[in-house]
Amino acid sequence: MPTDHSPTSTPTPVTTPLTPDLVRGALELEPTARGVLPHRLPAWARAQNTDGQLAMAEAQPSGVRLAFRTRSTAVALETLPTKRVYVGAPPRPDGLYDLVVDGRLVDRASAPGGNTLCIDMAAGTAETAPGPPGTVRFAELPAGVKDVEIWLPHNEAAELLALRTDAPVEPLPESGRRVWLHHGSSISHGSDAASPSTTWPALAAARGGVELVNLGLGGAALLDPFTARTLRDTPADLLSLKIGINLVNADLMRLRAFTPAVHGFLDTVREGHPATPLLVVTPILCPIHEETPGPCAPDFSEIAAGRIKFKAVGDPAEVAAGKLTLSVIRDELTRIVRQRAADDPHLHLLDGRELYGEADHAELPLPDELHPDAATHRRMGERFAALAFAPDGPFATRP
């Protein structure tokens, strides 16, 4: 237990090494010249990747949090963020760090400074300009022993340099809660959520009383074999795979390749988790791609007006030749899961439109035509928890 301080004592500053036992939700901490960089894919998987989008996404620590117990009433986290700027688009808000004390969100803050990743969608280029580290500060924490989590930004990389407090910290003991391992696209990654602890998977995990490991990879849920092997090798009590939107908007494959790729992905995951509850989630409603295949492209007329929006530029006539749409993917995933469930009683299916469908779109349209806003993330998290963790749901607690 951290050392108690008498009311008259002056707290002694404490710097705590950022070791794996203080970090949850990351699969690896890469040592750097000044600290550690959380990753959501292991080094061997990163070595097999040639996609810059995936490299950027897996280094953004969605679902990753520092977790410790302390009497400290102040916390300072020195970090080197990498912030994104899109040429011609409005400035993006800085990433947020959520402070959760004894299970309750009590504060949010951003880190000043940082590197800048400048992305030109028209030219297809990206350049990084170095910047200085910054410090995220939280003060006036409650007195006494408490459990503290600092959720790292879900939408910008954060190299962790130092953790400073006014009392010692110790890693949180294991909670005994089940571990939920989830994989999906930028929607699962948390694009346009209000903050890292309010992405829909984080909200669903809190409601379900489980520990989240979020492998939502923006733009990169593409049935990559190294992702399947990562899921296979990661300990988990519950598994979910949200498949579809990235395959359409990347125009990556045709139906002929999609079906065996899904089977192969599931086969690999099942090698490590043969009887773990596994929930396959089909895409949520996305009108631009329901019947129109990819690719998806930025709408540069909207960008010129200061807004980021996307559009589908595929030809619906090519669906007959095997091009993928969300409707095609939902139908095929339903068929695949039903076929496999005959021999796999722990395999389940959830139609993504139960999380966000036609009525939801009428009330809460997708602001950029692809990604849900903060209110929709909250709705999706509540609905997923109600469906998956229900007494008769696939993630129900059973003897």
(message) As a quick check of understanding, evaluate side-chain hydrogen bond (donor to acceptor under 3.5 Å, both in side chains) for S72 and D166, giving each step before the final call.
(response) CA-CA 5 Å; S72 181; D166 59 25; 2.7 Å; yes

Would you tabulate the side-chain donor-acceptor contacts of residues 114-131 under 3.5 Å, counting partners in other chains and residues two or more places apart, or write 'none'?
unit_1	atom_1	unit_2	atom_2	d
N115	OD1	G131	N	2.9
D120	OD1	A122	N	3.1
D120	OD1	A123	N	3.1

(request) May I ask you to test the L141-L99 pair for a side-chain heavy-atom distance under 4.5 Å? (result) yes

(request) Measure the spacing between NZ of K323 and OG1 of T292 and express it to the nearest 0.5 Å. (result) 10.5 Å

(request) Determine yes or no for a side-chain-to-main-chain donor-acceptor pair under 3.5 angstrom, with K83 supplying the side chain and P81 the backbone. (result) no

(request) List the atom of A250, the atom of L222, and the distance in Å for their closest heavy-atom pair. (result) CB-CD2, 4.2 Å

(request) List the atom of A386, the atom of A390, and the distance in Å for their closest heavy-atom pair. (result) O-CB, 3.1 Å

(message) For E290, give me all partners under side-chain hydrogen bond (donor to acceptor under 3.5 Å, both in side chains), at least two apart in sequence or on another chain.
(response) R330

(request) Indicate whether any N or O donor in one side chain lies under 3.5 Å from an N or O acceptor in the other, for R108 and S195. (result) yes

(request) Before accepting this row, confirm whether a basic side-chain N of the pair R254/D251 lies closer than 4.0 Å to the acidic partner's carboxylate O. (result) yes

(message) Show, in sequence, the C-alpha distance, side-chain angles and deciding distance for R232 and E271, and conclude whether the salt bridge (charged side-chain N to carboxylate O under 4.0 Å, His left out) test is met.
(response) CA-CA 6 Å; R232 177 195 66 189; E271 289 172 3; 3.2 Å; yes

(request) Could you tell me whether the side chains of S186 and H371 share a donor-acceptor contact shorter than 3.5 Å? (result) yes

(request) Answer yes or no: is there an ion pair linking R340 with D267, defined by an N-O contact shorter than 4.0 Å? (result) yes

(request) Mind running side-chain contact (heavy atoms from CB on, under 4.5 Å) on H289 and E369 for me, showing each step along the way? (result) CA-CA 9 Å; H289 277 310; E369 309 298 345; over 6 Å; no

(request) Compare all side-chain heavy atoms of C286 with those of L366 and state whether any distance is below 4.5 angstrom. (result) yes

(request) Rounded to the nearest 0.5 Å, what's the gap from CG on L231 to CZ on F265? Could you check? (result) 5.0 Å

(request) For residues Y356 and I187, determine if any side-chain heavy atom of one lies less than 4.5 Å from a side-chain heavy atom of the other. (result) no

(request) Using distance alone, with no hydrogens and no angle criterion, decide if T334 and D331 have a side-chain donor and acceptor under 3.5 Å apart. (result) no

(request) Indicate, with yes or no, if V248 and V262 share a hydrophobic cluster defined by side-chain heavy-atom contacts under 4.5 Å among Ile, Leu, Val, Met, Phe, Trp and Tyr. (result) yes

(message) To the nearest 0.5 Å, what is the distance between CG on D368 and NZ on K311?
(response) 14.5 Å

(message) Just by distance, no angles: are the side chains of S62 and N214 close enough, under 3.5 Å, to form a donor-acceptor pair?
(response) yes

(request) Check the pair E170, T70 against side-chain hydrogen bond (donor to acceptor under 3.5 Å, both in side chains), reporting the backbone distance first and the verdict last. (result) CA-CA 7 Å; E170 62 183 22; T70 186; over 6 Å; no

(message) Do E211 and R24 make a side-chain contact, defined as non-hydrogen atoms from C-beta onward lying under 4.5 Å apart?
(response) yes

(message) Assess the residue pair E354 and L387 against the criterion (side-chain contact (heavy atoms from CB on, under 4.5 Å)); give the C-alpha distance rounded to whole Å, side-chain angles, the decisive distance to 0.1 Å, and a yes or no.
(response) CA-CA 9 Å; E354 293 193 55; L387 292 165; 3.8 Å; yes

(request) For residues L239 and F395, report the shortest heavy-atom separation together with the two atoms involved. (result) O-CZ, 3.3 Å

(request) Give the cluster check for V101 versus L105: same hydrophobic cluster or not, with ILVMFWY residues linked at side-chain heavy-atom distances below 4.5 Å. (result) no

(request) First locate atom CG of L355, then atom NE2 of H377, and finally report the distance between them rounded to the nearest 0.5 Å. (result) 11.5 Å

(message) Give me the atom names and distance for the closest heavy-atom approach of A236 to L181.
(response) CB-CB, 3.7 Å

(request) Flag the pair R104 and D102 as a salt bridge only when some basic side-chain nitrogen lies within less than 4.0 angstrom of an acidic carboxylate oxygen. (result) no

Table please: side-chain donor-acceptor pairs of residues 148-157 below 3.5 Å, with sequence neighbours left out.
unit_1	atom_1	unit_2	atom_2	d
E149	OE1	W151	NE1	3.2
H154	NE2	G190	O	3.1
E156	OE1	G95	N	3.0

(message) When you measure from the side chain of H346 to the backbone of T276, do you find a donor-acceptor pair of N or O atoms at a distance under 3.5 Å?
(response) no

(request) Would you sort out whether L215 and T230 count as a side-chain contact (heavy atoms from CB on, under 4.5 Å), showing the intermediate values? (result) CA-CA 10 Å; L215 295 191; T230 298; 4.1 Å; yes

(message) With side-chain contact (heavy atoms from CB on, under 4.5 Å) as the test, pick out the partner of L266 among I243, L223, V280.
(response) V280

(request) Please check if any side-chain donor atom of E78 sits under 3.5 Å from a side-chain acceptor atom of T135, or the reverse. (result) no

(message) Between T268 and P225, is there a side-chain heavy-atom distance shorter than 4.5 Å?
(response) no

(request) Return the minimal non-hydrogen interatomic distance between V14 and A167, and the atom names on each side. (result) CG2-C, 3.8 Å

(message) Do H39 and L27 make a side-chain contact, defined as non-hydrogen atoms from C-beta onward lying under 4.5 Å apart?
(response) no

(message) Side chains of T259 and E332 only: does a donor on one sit below 3.5 Å from an acceptor on the other?
(response) yes

(request) Would you please name every residue forming a salt bridge (charged side-chain N to carboxylate O under 4.0 Å, His left out) with R379, sequence neighbours left out? (result) D360, E363

(message) Is there a side-chain contact (heavy atoms from CB on, under 4.5 Å) between F258 and L255? Walk through the geometry before answering.
(response) CA-CA 5 Å; F258 174 74; L255 183 60; 4.2 Å; yes

(message) I'd like to check L18 versus V23 (side-chain heavy atoms, cut-off strictly below 4.5 Å). Are they in contact?
(response) no

(request) With side-chain hydrogen bond (donor to acceptor under 3.5 Å, both in side chains) as the test, would you mind laying out the steps for E291 and T325 before giving the verdict? (result) CA-CA 6 Å; E291 306 297 340; T325 67; 4.7 Å; no

(message) Can you pull out every salt bridge (charged side-chain N to carboxylate O under 4.0 Å, His left out) where at least one residue sits in residues 196-210? Sequence neighbours excluded, please.
(response) R207-E382

(message) Would you compute the distance between atom CG of D94 and atom CZ of R84 and round it to the nearest 0.5 angstrom?
(response) 12.0 Å

(request) For residues G244 and I329, report the shortest heavy-atom separation together with the two atoms involved. (result) O-CD1, 3.5 Å

(request) Please identify each residue that fulfils ring-ring contact (aromatic ring centres under 6.0 Å, His included) with H182, with sequence neighbours left out. (result) W180, W200

(request) Using distance alone, with no hydrogens and no angle criterion, decide if S197 and D98 have a side-chain donor and acceptor under 3.5 Å apart. (result) yes

(request) Hey, could you give me the OH/CG distance between Y97 and L66, rounded to the nearest 0.5 Å? (result) 9.5 Å

